[in-house]
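Data first, discussion second: the structure below is written as structure tokens.
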Amino acid sequence: MHHFDYKDGVLHAEDVSIPEIARAVGTPFYCYSSATLRRHYQVFAGAFKKSQTLVCFSIKSNSNLAVIRTLAREGAGADIVSAGELHRALKAGVAPEKIVFSGVGKTRDELSFALRTGILQFNVESRAELEALNDVATELGTRAPISFRVNPDVDAATHEKISTGKKENKFGILWEEAHAAFDRAATLPGIKIVGIDVHIGSQITNLDPFSRAFQKVIDLIKELRAKGHTITNVDLGGGLGINYKAGNEPPPHPGEYAQMIETLMQGLDVRLLFEPGRMIVGNAGILVSQVIYRKTGANKTFVIADAAMNDLVRPTLYDAHHDIIPVQDPGSDTCVERVDVVGPVCESGDAFAKDRDLPPLAEGELMAILSAGAYGAVQSNTYNSRLLVPEVLVEGDRFAVIRPRPSYEDLLALDRMAPWLT
Ligand code: LLP
């Protein structure tokens with residue numbers, strides 16, 4: 001459920017018309033709906049009956065400060081993976097005691113910064129990281145609260161590039177080494193074990209892999225507790241998928257996901273933590289682009305958009321499907337034509353859709369690439385010296401530019417001339 005709908009024949013984000021934003025900021029641009037962000041957060045968080053459940057928005061999916069703050073005001077914590085994301089979470093107003101730090105390659109500087117900040121927990125992913133964290137904490141005269149991220153060796157049945165819970169993936173502690181890791185941690189003066197963590201992948205559209213992984217974690221918790229380890233926080237990661245294609249069977253509702261978890265966890269006295277990203281923000285954002293040209297190839301029609309793979313890389317990188325709709329409602333009886341929607345970047349992989357049946361899109365017309373709120377703007381770059389796309393946040397009948405389009409001066413100012421070339 002989102003708040004991008006046609007009203008009087010024109011696509012709106014909540015009560016703001018998309019052409020109005022286009023006139024104000026130019027194209028392309030990302031547009032997010034506050035009401036959708038809040039709704040998705042509330043549906044997810046509200047699905048869990050336990051009052052002490054903490055939902056840490058995975059800010060890698062969308063790290064704009066205004067987006068994070070919108071969710072923080074609803075009560076969200078943050079799942080971070082770098083010092084940069086910690087800076088963002090704090091600036092957006094997330095309380096340190098609601099921040100969890102994941103990632104396989106946290107540097108000593110990052111560990112130290114997070115320790116001094118007083119975050120809720122470090123999700124430790126290797127024995128080497130455990131030792132480094134112990135050193136840093138000891139130097140600072142403190143104890144680092146940790147969960148081990150365990151790798152349950154479960155196939156999440158998602159795209160291979162976003163699957164993280166199989167033993168050949170780089171993530172988490174090998175299942176067979178989990179006991180030894182907890183035992184070692186218990187001996188270290190700079191470490192305080194607080195829990196366990198698992199995240200098996202992203203865009204998971206079936207509850208089965210989740211329940212298999214979570215059941216393994218529950219068994220492990222019982223074994224660890226029997227040995228005297230304290231497991232209070234159980235972080236079940238993110239990964240719940242969203243619908244990218246109108247008409248497709250929707251992925252499990254957060255309510256079903258929550259029910260599955262609460263049934264599994266019955267009688268286990270734990271505090272549940274979650275790290276959803278896509279589920280909160282994916283369908284809360286669109287990428288608006290204008291048709292620059294149409295071009296007829298040997299056996300294809302190309303619709304050339306002013307957005308490109310550098311602005312939204314998901315179709316290129318993961319063969320991801322994103323629905324595309326015209327901003328002017330074509331009506332239900334319109335004919336369709338089969339086209340490729342491509343960008344201006346000099347790569348054949350620069351395409352948002354191939355052989356897609358779409359209502360005719362004329363030169364100069366605006367289109368919306370849907371479900372672009374997660375892993376869209378955050379994965380954009382300036383390839384082909386294209387300017388980063390601005391981000392706009394809508395709230396009712398208001399909108400604000402929450403990341404302006406840089407100027408060409410800004411772009412060039414990132415480089416420095418070597419002294420011998422001046
Ligand atoms: N927690 C951890 C430890 C993660 O690695 C991730 C995502 C999440 C939580 C959030 O997962 P979500 O709820 O959003 O599925 N760029 C890819 C997705 C990469 C996911 C990386 N990790 C894409 O566009 O599909």
Side-chain angles (χ1 to χ4, degrees), residues 1-46 57 61-76 92-93 242-247 250 254 277-291 305-307 311-312 322-332 334 358-359 361-362 364-374 376-378 389-405:
M1 157 88 200
H2 58 68
H3 292 76
F4 299 100
D5 297 302
Y6 290 116
K7 289 181 191 167
D8 300 324
V10 178
L11 188 67
H12 281 61
E14 304 186 25
D15 297 325
V16 182
S17 94
I18 296 298
E20 183 190 338
I21 304 175
R23 279 191 294 277
V25 305
T27 57
F29 62 91
Y30 277 99
C31 176
Y32 310 123
S33 150
S34 305
T36 313
L37 288 170
R38 285 195 292 264
R39 185 186 148 78
H40 288 175
Y41 174 80
Q42 291 301 348
V43 166
F44 189 93
F57 172 55
S61 63
N62 188 316
S63 49
N64 189 289
L65 293 176
V67 169
I68 303 171
R69 181 167 295 179
T70 301
L71 295 167
R73 287 196 173 163
E74 297 297 297
I242 62 167
N243 209 354
Y244 278 100
K245 212 181 215 174
R278 190 189 313 265
M279 196 271 138
I280 307 282
V281 77
N283 282 324
I286 61 176
L287 173 61
V288 179
S289 176
Q290 188 170 28
V291 179
D306 63 359
D311 305 313
L312 174 67
H322 285 259
D323 277 347
I324 299 175
I325 58 172
V327 166
Q328 292 294 331
D329 186 357
S332 52
T334 188
L358 290 178
L361 284 160
E365 202 172 334
L366 295 176
M367 69 179 99
I369 303 169
L370 304 185
S371 312
V378 285
V389 165
E391 293 173 279
V392 171
L393 182 66
V394 170
E395 160 83 40
D397 59 4
R398 296 178 289 176
F399 71 89
V401 176
I402 58 173
R403 185 176 77 186
R405 195 186 310 277

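The chain is numbered in sequence order, starting from 1.
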Those residues that, when tested against Arg403, pass salt bridge (charged side-chain N to carboxylate O under 4.0 Å, His left out) (two or more places apart): Glu391
Testing Asp311, Leu312, Val288 one by one against Pro28 for a side chain to side chain contact (heavy atoms under 4.5 Å, CB included), which residue passes? Asp311
The criterion is salt bridge (charged side-chain N to carboxylate O under 4.0 Å, His left out); which residues satisfy it with Lys7, sequence neighbours excluded? Asp15
Which residues share a salt bridge (charged side-chain N to carboxylate O under 4.0 Å, His left out) with Glu395, sequence neighbours left out: Arg38
With rounding to the nearest 0.5 Å, note down the distance linking CD1 in Ile402 to CG in Asn64. 3.5 Å
So do the side chains of Ile280 and Leu71 get within less than 4.5 Å of each other, counting heavy atoms only? yes
Return the minimal non-hydrogen interatomic distance between Val10 and Ser17, and the atom names on each side. CG1-CB, 4.2 Å
Tightest non-hydrogen contact, residues Ala76 and Phe57, listed as CB-CB, 4.5 Å
His3: partners by side-chain hydrogen bond (donor to acceptor under 3.5 Å, both in side chains), with sequence neighbours left out: Thr36
Output the distance between atom OG (Ser34) and atom CD (Glu14), rounded to the nearest 0.5 Å. 5.5 Å
Does Ala13 have any side-chain contact (heavy atoms from CB on, under 4.5 Å) partners at least two apart in sequence or in another chain, and if so, which? Phe4, Ile18, Cys31, Val394
So which heavy atom on Gly364 is nearest to which on Gln290, and how close? O-NE2, 2.8 Å
Interatomic distance, CG@Leu11 vs CG@Asp5, rounded to 0.5 Å, equals 7.5 Å
Got a sec, which pairs hit ring-ring contact (aromatic ring centres under 6.0 Å, His included) with one end in residues 8-42, sequence neighbours left out? none
Show the nearest heavy-atom pair for residues Ser61 and Val281, with the distance to one decimal. OG-CG1, 3.7 Å
Using 0.5 Å steps for rounding, measure from the CG atom of Leu393 to the CG atom of Leu65. 12.0 Å
Those residues that, when tested against Gln42, pass side-chain hydrogen bond (donor to acceptor under 3.5 Å, both in side chains) (two or more places apart): Glu74
Show me the side-chain donor-acceptor pairs of residues 322-330 shorter than 3.5 Å, one per line, residues at least two apart or across chains.
residue: His322; atom: ND1; partner: Leu370; partner atom: O; Å: 2.8
residue: His322; atom: ND1; partner: Ser371; partner atom: O; Å: 3.4
residue: His322; atom: NE2; partner: Arg314; partner atom: NH1; Å: 3.0
residue: Asp323; atom: OD1; partner: His321; partner atom: NE2; Å: 2.6
residue: Asp323; atom: OD2; partner: Ala246; partner atom: N; Å: 2.7
residue: Asp329; atom: OD1; partner: Gly331; partner atom: N; Å: 2.9

Reported CG-to-CD1 distance for the pair Asn283 and Ile242, which is rounded to 0.5 angstrom: 4.0 Å
Could you check whether any side-chain heavy atom of Thr27 comes within less than 4.5 Å of a side-chain heavy atom of Ser289, counting everything from C-beta outward? no
